[in-house]
**Student:** 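Quick one: the structure is below, and I'll ask about it shortly.
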Amino acid sequence: MIYNWMSLNASGLRNERGSSTYSFLGFAIIAVVIVVAVLFFPWGDLGKQAQDPDLNAGMTALDKKQYPEALAAFDKALKKNPDNTTALIGKSKAEFAQGNLDKALEYADAAVQKKGGAKAYGQKGIIEKVQKNYDAALKDFTEAIKADSNYAWALAQRADIFSRQKQQDKALEDINKAIAAKPDYVDAYRMRVWVLNRMGKCKEASEDMKKVEKLSPNDAWTLQDKAWFLLTCPDEKLQDPAKAMELAKKANEMTDGKDGVIQETIAEAYFKQGDPLKAYEHQKKAIELGSKKCPDGSCLKEMQQRLQKYELAARQEVRTGYEILSMDSGK
C-alpha cells in the first residue's frame with residue numbers, strides 16, 4: 001500500500017510538474033510572439049494610414065515640385081486642423097520654392113508660433129538667410145538646434161552664416177557637429193571644404209574634398225566644387241588650373257551648359273591659364289544664365305565684379321594721349 005501510494009503520488013507529482021512545464025512554455029511562446037509582433041509590425045504604415053490624406057497629398061505634390069497643387073492640399077488640411085504645423089511648414093516651402101519669400105516667412109512664423117519645433121525654426125531661418133537677415137536667421141537656427149541638438153542641416157546652415165561673416169572658428173565648430181550628427185551628410189563636408197579653404201587650411205580641405213567625391217561620385221556639383229577648390233586654394237602648391245578646367249568642362253556637359261556658377265568656374269580656369277579674353281566670354285555667359293545655387297540672385301554681384309577683373313586683364317594698354325612725334329613743326 002505504501003508503495004502504491006508513493007507510486008501514485010510520484011505519478012501525480014510528475015503530472016503536476018509536466019503541466020507546469022507546459023504552461024510555462026506556452027506563456028513563453030506567447031510572449032515571444034507578442035515581442036516579435038511589436039518589433040516587426042509596420043507601425044509607421046499605420047501612422048501613415050491614420051494621417052490626413054490632404055497632408056499626404058500636399059507632401060507628395062511638394063516632392064514633385066507641383067507647388068500650386070501642394071498649396072491647395074495644405075489649405076484643405078489646415079481647414080480641418082488650423083494648428084497643423086506640418087501643413088504650415090509645407091506651405092512655407094512651396095512659397096519659398098516659387099520665390100514668394102514674404103509669404104513663406106509668414107507661414108514659417110505661424111508654424112513657430114504654434115510650437116512647430118525644430119523644423120519650424122529651421123524653415124524660418126532659411127528664408128531669413130536668403131533675405132540676408134543674418135541676425136534673425138542665426139537666432140532661429142539656434143532655436144532649431146536647441147530643440148534638436150542633432151539637427152545637422154540647421155548646424156550646417158548656421159555654420160554657413162558664420163563663415164560668410166568671417167567667423168570661421170565658429171563655422172568650423174558647427175560644421176564639425178553637423179558631421180558628427182550625420183556622418184554621411186555630403187553637403188556638410190562640402191561646407192567644411194570651404195570653411196577650411198577660407199582659413200587657409202588647404203590640406204585639410206583637400207581631405208574633405210576626397211570624402212565628398214566618395215560620398216557623391218560623378219556628380220556635377222562635386223566636379224564643380226573640386227574645380228573651384230583647385231583654382232582658389234590659397235596654397236598655390238595645391239592649385240591645378242588644367243585639372244580644374246577638365247573637371248569644370250565635364251560638370252558643364254552634365255548640366256547642359258545651363259548653370260552660371262559652372263560657367264564662372266570655367267572662366268576662372270581660363271583666367272588662371274592666362275587667357276583673360278576667354279574668361280571674359282564665359283563670365284558674360286555665367287551672368288546671363290545665373291544659377292540655382294543662388295536663387296535670390298545674390299551671386300550676380302560677385303559675377304559682375306569678376307567680369308570687370310577679366311575685362312581689365314584682357315584690355316590692351318594703349319596711351320592715346322601720349323605724343324610720340326615731335327610737336328615742333330619746324331623740324
Side-chain angles (χ1 to χ4, degrees), residues 55 58-75 77-78 81-167 170-171 174-175 177-178 181-182 185 187-188 190-191 194-195 221 259-261 290-302:
L55 190 64
M59 291 298 187
T60 300
L62 196 61
D63 287 341
K64 293 180 178 179
K65 300 182 180 179
Q66 298 170 345
Y67 303 120
E69 292 84 352
L71 287 168
F74 289 135
D75 278 336
L78 285 165
N81 179 12
D83 294 327
N84 191 326
T85 56
T86 302
L88 286 168
I89 294 169
K91 286 195 73 174
S92 178
K93 288 182 177 181
E95 294 289 7
F96 180 73
Q98 296 177 98
N100 303 322
L101 300 186
D102 289 339
K103 285 186 176 180
L105 186 60
E106 178 186 338
Y107 293 128
D109 187 57
V112 167
Q113 298 304 320
K114 292 180 182 294
K115 311 298 181 186
K119 293 296 174 67
Y121 279 112
Q123 179 62 19
K124 188 164 177 267
I126 191 61
I127 300 163
E128 291 160 338
K129 178 186 167 187
V130 169
Q131 292 177 325
K132 291 186 168 49
N133 189 357
Y134 292 140
D135 289 341
L138 281 173
K139 181 179 177 182
D140 282 317
F141 285 134
T142 298
E143 290 297 326
I145 294 161
K146 283 181 183 177
D148 180 0
S149 60
N150 289 320
Y151 196 178
W153 178 83
L155 284 161
Q157 292 292 347
R158 193 171 71 173
D160 187 27
I161 294 175
F162 282 140
S163 184
R164 289 169 190 243
Q165 294 180 333
K166 296 181 170 54
Q167 299 183 68
K170 286 185 177 181
D174 266 358
I175 207 66
K177 288 178 182 177
K182 191 176 179 181
Y185 189 11
D187 284 345
R190 292 184 200 275
M191 185 69 233
W194 300 122
V195 172
W221 290 104
D259 193 275
V261 166
S291 176
K292 65 179 182 180
K293 287 294 184 181
C294 53
D296 62 335
S298 60
C299 61
L300 291 178
K301 184 178 179 181
E302 291 181 358

**Student:** If I take atom NZ from residue Lys103 and atom CG from residue Leu71, how far apart are they, to the nearest 0.5 angstrom?
**Tutor:**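 Lys103 atom NZ to Leu71 atom CG measures 8.5 Å (nearest 0.5 Å).
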
**Student:** Given 3.5 Å as the limit, does a donor-acceptor pair link the side chain of Asn84 with the main chain of Ala87, or not?
**Tutor:**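 Yes, Asn84 side chain to Ala87 backbone: donor-acceptor pair under 3.5 Å.
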
**Student:** Heavy atoms only: give me the nearest Tyr67-Ala97 pair and the separation to one decimal.
**Tutor:**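 In terms of heavy atoms, the two residues are closest at CZ-CB, 3.4 Å.
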
**Student:** By side chain to side chain contact (heavy atoms under 4.5 Å, CB included), which residues pair with Lys139, not counting sequence neighbours?
**Tutor:**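 With sequence neighbours excluded, Lys139 shows a side chain to side chain contact (heavy atoms under 4.5 Å, CB included) to no residue whatsoever.
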
**Student:** From Asp160 CG over to Leu155 CG, what is the distance, rounded to the nearest 0.5 angstrom?
**Tutor:**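 With rounding to 0.5 Å, CG (Asp160) is 12.5 Å from CG (Leu155).
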
**Student:** Taking all non-hydrogen atoms of both residues into account, name the closest pair between Gly125 and Ala137 and its distance.
**Tutor:**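 Smallest heavy-atom distance, with atoms named: O-CB, 3.5 Å.
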
**Student:** Output the distance between atom CD (Glu69) and atom CG (Leu62), rounded to the nearest 0.5 Å.
**Tutor:**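 Output value for this atom pair is 11.0 Å.
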
**Student:** Are Asp174 and Lys170 within salt-bridge range, i.e. N to O under 4.0 Å?
**Tutor:**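 No.
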
**Student:** So which atom in Leu88 and which in Pro82 form the shortest heavy-atom distance, rounded to 0.1 Å?
**Tutor:**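 Looking at all heavy atoms of both residues, the shortest contact is CD1-O, 4.4 Å.
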
**Student:** Is the shortest side-chain heavy-atom distance between Glu143 and Val112 below 4.5 Å?
**Tutor:**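 Of all side-chain heavy-atom pairs linking Val112 with Glu143, none is under 4.5 Å.
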
**Student:** Partners of Asp187 by salt bridge (Lys or Arg N to Asp or Glu O under 4.0 Å), sequence neighbours excluded?
**Tutor:**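 Counting only residues at least two positions away or on another chain, Asp187 forms a salt bridge (Lys or Arg N to Asp or Glu O under 4.0 Å) with Arg190.
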
**Student:** Which heavy atom of Ala152 sits nearest to which heavy atom of Ala181, and what is that distance?
**Tutor:**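 Shortest heavy-atom separation between Ala152 and Ala181 comes out as CB-CB, 4.4 Å.
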
**Student:** With side-chain contact (heavy atoms from CB on, under 4.5 Å) as the test, pick out the partner of Ile127 among Asn133, Asp109, Leu105.
**Tutor:**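 When Asn133, Asp109, Leu105 are each tested with Ile127, the side-chain contact (heavy atoms from CB on, under 4.5 Å) holds only for Leu105.
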
**Student:** According to ring-ring contact (aromatic ring centres under 6.0 Å, His included), does anything in residues 127-146 pair up with another residue at least two apart or in another chain? List the pairs.
**Tutor:**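 Of all non-adjacent pairs touching residues 127-146, those that pass ring-ring contact (aromatic ring centres under 6.0 Å, His included) are Phe141-Trp153.
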
**Student:** Listed by chain and number, what are the side-chain hydrogen bond (donor to acceptor under 3.5 Å, both in side chains) partners of Gln113, not counting sequence neighbours?
**Tutor:**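 Listed in chain order: nothing, the list is empty.
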
**Student:** Can you find a heavy atom in the side chain of Thr142 that is under 4.5 Å from one in the side chain of Tyr121?
**Tutor:**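 No, every pair of side-chain atoms sits at 4.5 Å or beyond.
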
**Student:** Trp221 and Val261: side-chain contact (heavy atoms from CB on, under 4.5 Å), yes or no, with the steps?
**Tutor:** CA-CA 10 Å; Trp221 290 104; Val261 166; 3.9 Å; yes

**Student:** Run the salt bridge (Lys or Arg N to Asp or Glu O under 4.0 Å) test against Lys182 and tell me which residues pass, sequence neighbours left out.
**Tutor:**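 Once residues adjacent in sequence are excluded, Lys182 has no partner under the salt bridge (Lys or Arg N to Asp or Glu O under 4.0 Å) criterion.
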
**Student:** Taking atom CG of Asp63 as the centre, report whether more than 12 heavy atoms of other residues, nucleotides or ligands fall under 6.0 Å from it.
**Tutor:**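 More than 12 heavy atoms, drawn from other residues, nucleotides or ligands, come within 6.0 Å of this atom.
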
**Student:** Using salt bridge (Lys or Arg N to Asp or Glu O under 4.0 Å) as the criterion, list what pairs up with Glu95, not counting sequence neighbours.
**Tutor:**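 Scan of Glu95 (salt bridge (Lys or Arg N to Asp or Glu O under 4.0 Å), adjacent residues dropped) gives none.
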
**Student:** Which residues satisfy the side chain to side chain contact (heavy atoms under 4.5 Å, CB included) test with Ile89, sequence neighbours excluded?
**Tutor:**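 Partners of Ile89 under the side chain to side chain contact (heavy atoms under 4.5 Å, CB included) test: Lys93, Ala111, Lys119, Ala120, Gln123.
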
**Student:** Would you please name every residue forming a side chain to side chain contact (heavy atoms under 4.5 Å, CB included) with Lys115, sequence neighbours left out?
**Tutor:**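 Residues passing side chain to side chain contact (heavy atoms under 4.5 Å, CB included) with Lys115: none at all.
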
**Student:** Taking salt bridge (charged side-chain N to carboxylate O under 4.0 Å, His left out) as the criterion, tell me which of Lys124, Arg158, Lys129 meets it with Asp140.
**Tutor:**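 Result for salt bridge (charged side-chain N to carboxylate O under 4.0 Å, His left out) with Asp140: Lys124.
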
**Student:** With Lys146, which residues qualify under side-chain hydrogen bond (donor to acceptor under 3.5 Å, both in side chains), at least two apart?
**Tutor:**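 Applying side-chain hydrogen bond (donor to acceptor under 3.5 Å, both in side chains) to Lys146 gives none.
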
**Student:** If you take all heavy atoms of Ala77 and Leu55, which pair is closest and at what distance?
**Tutor:**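 Here Ala77 and Leu55 meet closest at CB-N, 4.1 Å.
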
**Student:** Can you list everything that forms a side-chain hydrogen bond (donor to acceptor under 3.5 Å, both in side chains) with Lys91? Sequence neighbours excluded, please.
**Tutor:**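 Partners of Lys91 under the side-chain hydrogen bond (donor to acceptor under 3.5 Å, both in side chains) test: Asp75, Tyr107.
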
**Student:** Would you please name every residue forming a side-chain hydrogen bond (donor to acceptor under 3.5 Å, both in side chains) with Asp83, sequence neighbours left out?
**Tutor:**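 With sequence neighbours excluded, Asp83 shows a side-chain hydrogen bond (donor to acceptor under 3.5 Å, both in side chains) to Lys114, given in chain and number order.
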
**Student:** Could you work out, with side chain to side chain contact (heavy atoms under 4.5 Å, CB included) as the rule, every residue matching Ser163, not counting sequence neighbours?
**Tutor:**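 With neighbours one apart ignored, the set is Gln168, Ala171, Met191, Val195, Arg198.
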
**Student:** If you look at every heavy atom in Ala118 and Asp148, which pair is closest and at what distance?
**Tutor:**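 Closest pair (atom of Ala118, atom of Asp148, distance): CB-CB, 3.9 Å.
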
